[in-house]
Amino acid sequence: MSFNDREKAFEDKYKHDQEVQFRVDVRRNKLLGLWAAELMDLKGEAADAYAKEVVSSDFEEAGHEDVYRKVMGDLTDKKVDISEHRLRKKMDELLEVAKQQVMTE
């Protein structure tokens, strides 16, 4: 295997890993949106629309703080009693669920 072949293989693996991570993040954000929608008594199309808003909020800046701020702000506005710790823990839990779902597709 030549150096160029190895370099291409590493680049391809990196690209694949980034694509998988993107899908996992999107899935986690959708699951988080549906969970938060349930806490806010949103159902059906309203819950789906909210989940899409949460997914879209992740494109505002790098990292997951934009998603956290969106969901925490919306839950607070709807008078849902939730702590920062509980929301962050739920985000972590749903990240693992999303990884499992994406890997088994």
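As the structure is a prediction and not an experimental result, all values here were calculated from the model.
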_Stepwise side-chain contact (heavy atoms from CB on, under 4.5 Å) test for V55 and D25_ = CA-CA 9 Å; V55 169; D25 290 343; over 6 Å; no

Heavy-atom distance under 4.5 Å between the side chains of [X] and [Y], does that happen here?
{"X": "H16", "Y": "V20", "answer": "yes"}
{"X": "Y68", "Y": "L32", "answer": "no"}
{"X": "K30", "Y": "V54", "answer": "no"}
{"X": "D48", "Y": "L34", "answer": "yes"}
{"X": "D92", "Y": "E96", "answer": "no"}
{"X": "F22", "Y": "D58", "answer": "no"}

_Assess the residue pair D41 and K78 against the criterion (side-chain contact (heavy atoms from CB on, under 4.5 Å)); give the C-alpha distance rounded to whole Å, side-chain angles, the decisive distance to 0.1 Å, and a yes or no._
CA-CA 10 Å; D41 290 324; K78 294 287 187 173; over 6 Å; no

*Carboxylate-amine/guanidinium proximity below 4.0 Å for E93 and K90*: yes

*Taking only Lys NZ, Arg NE, NH1 and NH2, and the carboxylate oxygens of Asp or Glu, determine whether D74 and K70 approach each other closer than 4.0 Å.*
yes

When rounded to the nearest 0.5 angstrom, what is the spacing between [atom1] in [X] and [atom2] in [Y]?
{"X": "L94", "Y": "K89", "atom1": "CG", "atom2": "NZ", "answer": "12.0 Å"}
{"X": "Q21", "Y": "R23", "atom1": "CD", "atom2": "CZ", "answer": "11.0 Å"}
{"X": "N29", "Y": "K52", "atom1": "CG", "atom2": "NZ", "answer": "14.5 Å"}

*Quick one: list whatever passes side-chain hydrogen bond (donor to acceptor under 3.5 Å, both in side chains) with E84, sequence neighbours left out.*
R88

